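Since the structure comes first, as structure tokens, the remarks are kept for the end.
Convention: sequence-line order gives letters A, B, ...; per-chain numbering from 1. None of the values given here were measured: they were computed from a predicted structure. What you see below is based on every heavy atom in this structure, not just the backbone, and it leaves out hydrogens, waters and symmetry mates.
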Amino acid sequence: MEDPPANNFLQTIISADLASGRVSTVVTRFPPEPNGYLHIGHAKSISVNFGLALANNGRCNLRFDDTNPEKESQAFIEAIEADVRWLGYEWDGEVRFASSYFQQLYDWAVYLVEHGDAYVCDLTADEAREYRGTLTAPGRNSPNRERTVAENLDLLERMKAGEFDEGAKVLRAKIDMASPNMNMRDPILYRIRKVAHHQTGDAWVIYPTYDFAHGQEDAIEGITHSICTLEFEDHRPLYDWFLDHLPVPARPRQYEFGRLNPSYTVTSKRKLKQLVDQGVVSGWDDPRMPTVSGMRRRGYTPAAIRRFCDMIGTTRSDGVVDVAMLEFAIRDDLNENATRGMCVLNPLKVVLTDYPVDRVETLSAAGHPNRDDLGERALPFTREIYIDADDFREEANKKYKRLVLGKRVRLRNAYVIEADEVVKNDNGEILAIHAHTIPGTLGEDPADGIKPKGVIHWVSAAQGRTAEVRLYERLFSHEAPDKGDNAFMDHINPASLTIIKQAWIEPALADAQPEQHFQFEREGYFVADRYDHSAAKPVFNRTIGLRDTWTDG
RNA sequence: UGGGGUGUCGCCAAGCGGUAAGGCACCAGGUUUUGAUCCUGGCAUGCGGAGGUUCGAAUCCUCCCACCCCAGCCA
């Protein structure tokens, strides 16, 4: 892993802990709930947790926080494992599950009851909310708060045995209903849910809440630094309270960092799901989705995503990160590593009238302008070729560096040509260009000293192949689509996907393997679609366009 | 109006009492058979605000302001 050592407040804490001897080995964990797909925000968390373990010669567990069977599934578990691996990380040992600690957690619940620290409460959800008080007013004690230990033990056992209906009873910690921290107002430890669990089946009808489970899971696994996002900060006193009141085998500590909020995107599971459900995108792995699987299909690389996470840093402030930074990371990676090729998106035929009709000249082009190890590719040149319609104008000002009637242009990796005439139909639409080659310009400037102003890409009409090309742009046209409740649906970019059914690609590109990355010169970075691409029917997705500083003249 | 946080360039982010790193973006040049890459230069007398301590403050103190999180039997 080439991740540079992190230098942030978490590393500072870890270094101090290592130096003081509080911990001898750093153990972190990435604890997703298997109720959805991983997105760019999770990628940051993964990068932080695995990165810190790696940088300190420690370990990082992958633990599914599966305490709420209603929303979870095995399918999500498998997808998450695949995403973590794809990002380039390997967890320590076997995958862990909170559910495999259910018996231990229950035993600890009994322990709290025995010590007078927890009680069974009969309040309904509505009543409980009312008893809880508000942000500014203290709550009131539950009428069941002073039940005897014996009675609580009996009730808890019967909850576990399935004697009560869902919602009829909960187990709560006895802390302080007047605490200014809402999380300390007798939080719920167990609730009754008579649904099968994807891991434990019908073994349980009561399930622990996040608060009662997380810290203890960390203790069981010997997690030294339990890193989560800022919104859990208020839960830390509770996290510590459980560890203080239970005979846990270790003493983990919780630390929080600021969530990643990229501009022009939404990352809440609810909103992403809405995009999928309403058909705005084709699925969770649609190339426009900020999910790990979506970015993968779009053509982002694990290295670029990791690099991006390093670039943005890890702090306790939460701001909006400009997606331009993510775009920079992927361009930077692909510029260095992607093989070059030529693809004409908006074809305009050019007939080279001086070139023999049946002649096929096999030229050679570098796989990469400054990396010989990426080899060369054969490039057939013929009398009829396609160029992009945007690369020709009948007349243009001096800033236009492409083909202009009566002027010259360099065909990338081939000859310099000069446009002689425009062929139009009755409606005045351009059908083709007639041009001629300038002899001796293969790898050489024109002998007459009249150098072309620009270079354009092209594909042989006779030897090229057609391909479907999907041009993706940002899903949202608003910098902060997440602002407001449902407003994000109003900011969807109607042009986020343009499908070109018949683009022309040079023959070498038909050999692309699914998920292979390319730079289509002068256009951008593209990837052969993970699912739809084949040699028989090539399909490429635009990952990101090339940086374009050309201001039209 | 209770509690917990955060405020350094358009964005991210170093800095931890000694006189504002870096990256992204942007702007201006140079190189270039990709208007890409690459290279060079520019870009905070200022660190949310106001006071104060100090020879000296983004860094310490006081007060104020803005924004974020918390009232799921979600995580």
What nucleic acid atoms does A/F257 come within less than 4.0 Å of, heavy atoms only: base, sugar-phosphate, or nothing?
nothing
Go through the steps for A/D176 and A/R185 under the test salt bridge (Lys or Arg N to Asp or Glu O under 4.0 Å), then give the verdict.
CA-CA 5 Å; A/D176 178 9; A/R185 320 247 263 225; over 6 Å; no
The Watson-Crick or G-U wobble partner of B/rG51, with both key distances under 3.5 Å, is B/rC61
Could you check whether any side-chain N or O of A/H457 sits under 3.5 Å from a backbone N or O of A/C343, counting only pairs where one atom can act as donor and the other as acceptor?
yes
Using a 4.0 Å heavy-atom cut-off, does A/L442 contact any base of the nucleic acid, only the sugar-phosphate backbone, or nothing at all?
base
Start with the C-alpha gap between A/K407 and A/E418, add the side-chain angles, then the distance that decides, and say whether salt bridge (Lys or Arg N to Asp or Glu O under 4.0 Å) holds.
CA-CA 5 Å; A/K407 300 281 179 48; A/E418 189 171 307; over 6 Å; no
So A/G454, base contact, sugar-phosphate only, or nothing? Heavy-atom distance under 4.0 Å.
nothing
Between the protein and nucleotides 68-71 of chain B, list the N/O to N/O atom pairs that are separated by less than 3.5 angstrom.
unit_1: B/rC68; atom_1: O2'; unit_2: A/D318; atom_2: OD2; d: 3.3
unit_1: B/rA71; atom_1: O2'; unit_2: A/R132; atom_2: NE; d: 3.3

For A/T267, is there any backbone N or O sitting under 3.5 Å from a side-chain donor or acceptor partner on A/H39?
yes
Could you identify the nucleotide paired to B/rG2, looking across every strand shown and requiring Watson-Crick or G-U wobble geometry with both distances under 3.5 Å?
B/rC70
Considering only the P atoms, how many Å lie between B/rU8 and B/rU45, rounded to the nearest integer?
15 Å
Checking side-chain polar atoms at under 3.5 Å, does A/Q254 have a donor or acceptor matched by the opposite partner on A/Y239?
no
Both distances below 3.5 Å, Watson-Crick or wobble geometry, any strand: find the nucleotide opposite B/rC43.
none
What is the nucleic acid contact for A/V170, judged by heavy atoms within less than 4.0 Å: base, sugar-phosphate only, or nothing?
base
Answer with base, sugar-phosphate or nothing: what part of the nucleic acid does A/P237 contact at a heavy-atom distance below 4.0 Å?
nothing
Going by atom types only, do A/H198 and A/E72 share a side-chain donor-acceptor pair under 3.5 Å?
yes
It should be established whether A/R316 places a side-chain nitrogen or oxygen under 4.0 Å from OP1 or OP2 of nucleotide B/rU6.
yes
For A/W550, is the NZ or CZ atom of A/R402 found under 6.0 angstrom from the centre of its six-membered ring and inside 45 degrees of the ring axis?
yes
Please determine whether a side-chain nitrogen or oxygen atom of A/T315 lies at a distance below 4.0 Å from atom OP1 or OP2 of B/rA13.
yes
Please say which of A/F540, A/W458, A/W504 ends up in a ring pair (Phe, Tyr, Trp, His ring centres under 6.0 Å) with A/F520.
A/F540
For A/K269 and B/rG72, give me the distance from atom NZ to atom P, rounded to whole Å.
20 Å
Please write out the pairs of protein N or O atoms and N or O atoms of nucleotides 21-25 of chain B separated by less than 3.5 Å, giving the distance to one decimal.
none

In whole Å, what is the span from the CZ atom of A/F9 to the P atom of B/rG15?
13 Å
Determine which nucleotide pairs with B/rG35, using a 3.5 Å limit on both distances of a Watson-Crick or G-U wobble pair.
none
At less than 4.0 Å, is any side-chain N or O atom of A/R191 found next to OP1 or OP2 of B/rC74? Yes or no.
yes
What is the distance, to the nearest angstrom, from the CD atom on A/E479 to the P atom on B/rC12?
10 Å
Nearest nucleotide by nearest heavy atom, which residue falls closer to the 5' end of RNA chain B, A/T136 or A/E166?
A/T136
Among B/rU6, B/rC73, B/rG35, the one nearest any side-chain atom of A/S317 is B/rU6
Let me see the working for A/D186 and A/R132 under salt bridge (Lys or Arg N to Asp or Glu O under 4.0 Å), right down to the final yes or no.
CA-CA 9 Å; A/D186 289 10; A/R132 192 154 35 231; over 6 Å; no
Could you state the atom-to-atom distance from CZ of A/R371 to C1' of B/rU34 in whole Å?
17 Å
Classify A/G319 by what it touches in the nucleic acid, base, sugar-phosphate, or nothing, heavy-atom distance under 4.0 Å.
sugar-phosphate
Mind checking A/I192 for me? I need base, sugar-phosphate or nothing, with any heavy atom below 4.0 Å counting as a touch.
nothing
Take A/K398 and A/E33, find for each the nucleotide of RNA chain B with the closest heavy atom, and name the residue whose nucleotide sits nearer the 5' end.
A/K398
Output the single nucleotide from B/rA14, B/rG4, B/rU34 whose closest atom is nearest the side chain of A/E233.
B/rG4
Is it the case that A/R29 and A/S226 place a side-chain donor and acceptor less than 3.5 Å from each other?
yes
Classify the nucleic acid contact of A/R236 as base, sugar-phosphate or nothing, counting any heavy atom under 4.0 Å across all strands shown.
nothing
From the options B/rC74, B/rC12, B/rU37, select the nucleotide whose nearest atom is closest to the side chain of A/R193.
B/rC74
Give A/V416 one of three labels, base, sugar-phosphate or nothing, depending on what nucleic acid heavy atoms sit under 4.0 Å from its own.
nothing
Between the side chains of A/E361 and A/Y415, is a donor N or O closer than 3.5 angstrom to an acceptor N or O?
yes
I'd like the C1' distance from B/rG15 over to B/rC9, given in whole Å.
15 Å
One thing to verify: whether A/D122 and A/R147 come together as a salt bridge, which I'm taking to mean a side-chain N less than 4.0 angstrom from a carboxylate O.
yes
Kindly say if A/T549 contacts the phosphate of B/rA36, meaning a side-chain N or O under 4.0 Å from OP1 or OP2.
yes
Any base atoms under 4.0 Å from A/E70, or only sugar-phosphate, or nothing? Heavy atoms, all strands.
nothing
Scan A/T67 against the nucleic acid and name what it touches under 4.0 Å (heavy atoms): base, sugar-phosphate only, or nothing.
sugar-phosphate
Is the base of B/rU34 touched by the side chain of A/Q519 through a donor-acceptor pair closer than 3.5 angstrom?
yes
Conformer about C1'-N of B/rG23 - syn within 90° of 0, anti elsewhere:
anti
